[in-house]
Each structure stands twice: as C-alpha cells, then as structure tokens.
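As structure tokens, the structure follows; a few thoughts come after it.
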Amino acid sequence: MAKDNVPFHSVVFPCSLLGTGDNYTLVNHLIATEYLNYEDGKFSKSRGVGVFGDMAKDTGIPADIWRFYLLYLRPESQDSAFSWNDLMIKNNSELLNTLGNFINRAGTFVCKFFGGCVPTMDLTQDDKRLLAHITLELRQYNQLLEKVKIRDALRTILNIARHGNQYLQVNEPWKCIKGSDADKKRASTVIGVAVNIASLLSVVLQPYMPNVSTAIQDQLCIASSFNVVTNDFVCTLPAGHQIGTVTPLFQKLEAEQIENLRKRFSGGQQKAAANIQKTLGGKEHQEGDKRGNHVKHTKAQGTRKEQVDVVVSELVELQKQHHVVEGKGKKKK
C-alpha cells in the first residue's frame, strides 16, 4: 500500500477490530511504499496525464516490460518517478543487452556447437568461483524477497546475468571450440555452465516476468518442476539434455516510438481538443448570432415565405453543428 494508507491500516482499523471484542486476526506486518510520480509531475486521470492499466496494453509494449520497469523503480525507500526515456534505456540496456543477450547466447551456442544438447562439464576452480558468486547473489535474492525488498531482489537477477556475460567474454568459447582438444573441452564446460545459469534465471524471473520466464523454459525444454529456488546454485540441466529453438526474448524500443507515447500520455491531446472546441464553439456562436439576426431582418421586410424557410433551415443546420462541437449532438444511425 502507499504510505498515506499506513495510519488507517496500522491504527484505526485494528482499533476498530479490537473494539468489537471479537477474535479478528490483526495486522502484524505492513508493506508500504512511497509515491510514484510521472515524469516531472504527477499522474492525473482527469487531465489525461500518465499511463493507466487499460491504456498500457494499447501501447504495444509487452506486459512483462511494464512489470519489470515498474518493479525496477518501485518507490520502496523514497519517491520515484516514471520516465519514458528511462523505460527505453532500461529495456534496451538491462533487458535486451544484459539479460536477453546472455540467455540467447548461451542457448545459441548449445545449438550451434553441440547440436542442441547440453555438453559435458568438467568444472575448474574458475568455474567453481563463478558458481560461488552466483550462489551469493541467489541467497541475497531470497533474503531480499523475505524482507519484501522487491526492487533490490530484481537487481540481483540482473547481477547474475552480468556474471554470465562476463564469464562468456573472458572464456571465449566461440574461439576455444575451434582449437585443440583441451580448448574444445573448455568450451564444452563454459557453454554447459552458461546454459545452466540461463535455466536459473528463468526460475528467479518467474515472479517478475512470468511470460518471459515461460518463454525461456520453453526454449530450454525445462519442466515446470524446475521452478524451485534453493540457496545454492547447482547445474540442473545434465549433459545430454536436449533444448529447443532459441529466439530473442526482447525487442529494442526506439526513440521515435517513445516520444510518440510521451506526447500521447502528456495530457496535451485533451488540451488541444478543448482549445479546438472552444475556438470552433466561439465561431459558431458568432455565426449563429449573425444568421439569427438575418432571419429577423428578412421577416421584418416581408420577404416571401420560401426565402425565409431557406434562411431558417441554414440556421437550424448551424445549431446542429454547434451541438456536435459541444458534444451534445448524437449521430443517428
């Protein structure tokens, strides 16, 4: 809940329950956040400022990207602000370049060099050090979730992906696979460990990005029984495990696309519509007054009925247009 709800749910409501004399269950742990603002201001439905649930699905940005970004900037200790530019940067750097790039590379290497089967792994001290680093991140992830530090736990997932990317860059399995038997053996171990890290990422991502998690597990042919988080990282995909077709998980967000969305949800369109309505309405009023005076003048001069009817019909049509501008007119089917 937001911080302004804390006094009611921590004091007022529990006191009301105690006052009944009945044995109600009382709150013992509240999870509250600070405020999430929008760009340089605040969200406002009435002014059309900001993105809301029913609008987000029409932006073309997948739901899991929204989930990721909103949890990434969750205002756990201080107010934070939604930013379209920051959403683009986080998608393109953290998701596309860090997380998605690592998982795609790990799976692609298995398919390209080992026919889609997880290769044999002969762990060295360097590999064991990597597994120890990832175990520390995994334990941190578990501890943070227990404390409902959801934002910080998400960052540990990205740290695991960074460890994986660095591991591939240092060991260069794409070069080792072309070398001596010892080099090929090393490539086999590195790729096997990497795809097992990708498997772990699919599990820890599940509460944050369920659709992405499912996509990774489908590509790696992992059963749902793998969705168990332990305190220690172990390679759960054995040598010989067959994986499926590996495809990119994320798409790049372009600056032009983001700028269009920023304008769309800035409230500017409502202001423009109001200004157009005001301008047109004013012109219609002026024109209507002129036509009304013309009708009176025509009748006063004793003009023939046919001419008067023409002027009156023009005035009626003008009034209809004015009602449409003001939102009063209804289109007839």
Do side-chain atoms of Ser93 reach the backbone of Ile89 as a donor and acceptor pair under 3.5 angstrom?
yes
Are any non-hydrogen side-chain atoms of Phe13 and Val27 less than 4.5 angstrom apart?
no
Considering all heavy atoms, the nearest Cys117-Gln242 contact:
SG-OE1, 3.0 Å
Should the pair Glu94-Arg162 be classified as a salt bridge under the 4.0 Å nitrogen-to-oxygen rule?
yes
Under a 3.5 Å distance rule, please check whether Asn171 uses its side chain to pair with a backbone N or O of Tyr167 as donor and acceptor.
yes
Path from Leu123 to Leu168 over hydrophobic side-chain contacts below 4.5 Å
yes
Which heavy-atom pair separates Ile61 from Gln257 by the least distance, and what is that distance?
CG1-NE2, 4.4 Å
Tell me whether the count of non-hydrogen atoms from other residues, nucleotides or ligands lying under 6.0 Å of CD in Glu172 goes above 12.
yes
Test side-chain contact (heavy atoms from CB on, under 4.5 Å) applied to Val190 and Phe109, step by step
CA-CA 10 Å; Val190 171; Phe109 289 159; over 6 Å; no
Can you check side-chain contact (heavy atoms from CB on, under 4.5 Å) on Glu76 and Lys149, steps first, answer last?
CA-CA 7 Å; Glu76 293 182 351; Lys149 300 293 184 182; 4.0 Å; yes
Short question: side chain of Arg186, backbone of Asp122 - any donor-acceptor pair under 3.5 Å?
no
Any side-chain heavy-atom pair of Arg262 and Asn85 under 4.5 Å:
yes
If the plane angle is over 60° it's perpendicular, under 30° parallel, otherwise tilted; pick one for Tyr72 and Phe68.
tilted
Under a 3.5 Å distance rule, please check whether Gln219 uses its side chain to pair with a backbone N or O of Thr247 as donor and acceptor.
yes
Please examine the side chains of Leu96 and Asn101, heavy atoms only from C-beta on, and report whether any two atoms are closer than 4.5 Å.
no
So, for Cys221 and Gly244, which heavy atoms are closest and what is the spacing to 0.1 Å?
SG-N, 3.4 Å
For a side-chain hydrogen bond (donor to acceptor under 3.5 Å, both in side chains) check, start with the C-alpha distance between Asn142 and Asn231, then their side-chain angles and the critical distance, and finish with the verdict.
CA-CA 7 Å; Asn142 289 332; Asn231 265 332; 3.0 Å; yes
What about Leu138 and Val148, same hydrophobic cluster or not, with Ile/Leu/Val/Met/Phe/Trp/Tyr joined at side-chain heavy-atom distances under 4.5 Å?
yes
Ignoring hydrogens, what is the shortest heavy-atom contact between Pro238 and Val118? Give both atom names and the distance.
O-CB, 3.4 Å
State the CG-CD distance between Leu200 and Glu137, to the nearest 0.5 angstrom.
10.5 Å
Classify the angle between the aromatic ring planes of Trp84 and Trp66 as parallel (below 30°), tilted (30 to 60°) or perpendicular (above 60°).
perpendicular
Answer whether the closest heavy-atom distance between the side chains of Asp183 and Lys175 falls below 4.5 Å.
no
Point-to-point distance, once rounded to the nearest 0.5 Å, from CG of Asp79 to CG of Leu73:
12.0 Å
Between Tyr141 and Tyr208, what is the ring plane arrangement, given parallel below 30°, perpendicular above 60°, and tilted in between?
tilted
Is the number of heavy atoms from other residues, nucleotides or ligands under 6.0 Å of Tyr35 OH greater than 12?
yes
Evaluate the criterion side-chain contact (heavy atoms from CB on, under 4.5 Å) for residue pair Leu95 and Met209; output intermediate values, then yes/no.
CA-CA 11 Å; Leu95 292 182; Met209 308 178 77; 4.1 Å; yes
Hey, is CG on Asp4 packed in by over 12 heavy atoms from elsewhere, all under 6.0 Å?
yes
Any side-chain heavy atom of Val203 within less than 4.5 Å of one from Val228?
no
Would the distance check show the side chain of Arg151 and the main-chain N or O of Arg74 forming a donor-acceptor pair, the cut-off being under 3.5 Å?
yes
Sidechain-backbone polar pair: Asp127 side chain, Thr189 backbone, donor-acceptor under 3.5 Å:
no
CG-CG distance between Leu261 and Leu87, expressed to the nearest 0.5 angstrom:
8.5 Å
Hey, any chance Leu144 and Ile31 share a hydrophobic cluster, counting ILVMFWY side chains that come within less than 4.5 Å of each other, even indirectly?
no
Donor-acceptor contact below 3.5 Å, side chain Asn211 vs main chain Asp64:
no
Only one of Thr230, Thr156, Asp232 forms a side-chain hydrogen bond (donor to acceptor under 3.5 Å, both in side chains) with Arg139, so which one is it?
Asp232
Check whether any side-chain heavy atom of Ile216 sits under 4.5 Å from a side-chain heavy atom of Thr214, and report yes or no.
no
Residues Phe82, Tyr69; criterion ring-ring contact (aromatic ring centres under 6.0 Å, His included); working and verdict:
CA-CA 9 Å; Phe82 174 93; Tyr69 183 62; 5.6 Å; yes
List the steps, then state whether side-chain contact (heavy atoms from CB on, under 4.5 Å) holds for Phe250 with Leu99.
CA-CA 9 Å; Phe250 306 105; Leu99 182 63; 4.1 Å; yes
State whether the number of non-hydrogen atoms from other residues, nucleotides or ligands found under 6.0 Å of Lys147 atom NZ is greater than 12.
no
Is any side-chain heavy atom of Met1 closer than 4.5 Å to a side-chain heavy atom of Leu30?
yes
Spacing of Asn196 atom CG and Ile191 atom CD1 [to the nearest 0.5 Å]
12.5 Å
Donor-acceptor check, side chain of His163 to backbone of Leu131, threshold 3.5 angstrom: yes or no?
no
Could Arg129 and Asp126 be called an ion pair, given the rule that one side-chain N must be under 4.0 Å from one carboxylate O?
yes
Point-to-point distance, once rounded to the nearest 0.5 Å, from CG of Asp152 to CD1 of Ile157
11.5 Å
Closest heavy-atom pair and its distance - Arg67, Pro210:
NE-CD, 3.4 Å
Does Thr135 use its side chain to pair, donor to acceptor, with the backbone of Phe233 at less than 3.5 Å?
yes
Is the backbone N or O of Thr120 less than 3.5 Å from a side-chain atom of Ser188, with the two atoms forming a donor-acceptor pair by type?
yes
Could you see if Leu136 belongs to whatever hydrophobic cluster contains Val229? Use Ile, Leu, Val, Met, Phe, Trp, Tyr and a side-chain cutoff under 4.5 Å.
no
Which atom names give the shortest non-hydrogen contact between Pro119 and Ala239, and what distance separates them?
O-CB, 3.8 Å
Any heavy-atom pair between the side chains of Val195 and Ile103 that's under 4.5 Å?
no
Return the CD to OG distance between Glu34 and Ser77, rounded to the nearest 0.5 Å.
7.0 Å
Give a yes or no on whether a salt bridge exists between Asp181 and Lys185, defined as a side-chain N under 4.0 angstrom from a carboxylate O.
no
CD (Gln251) with more than 12 external heavy atoms under 6.0 Å
no
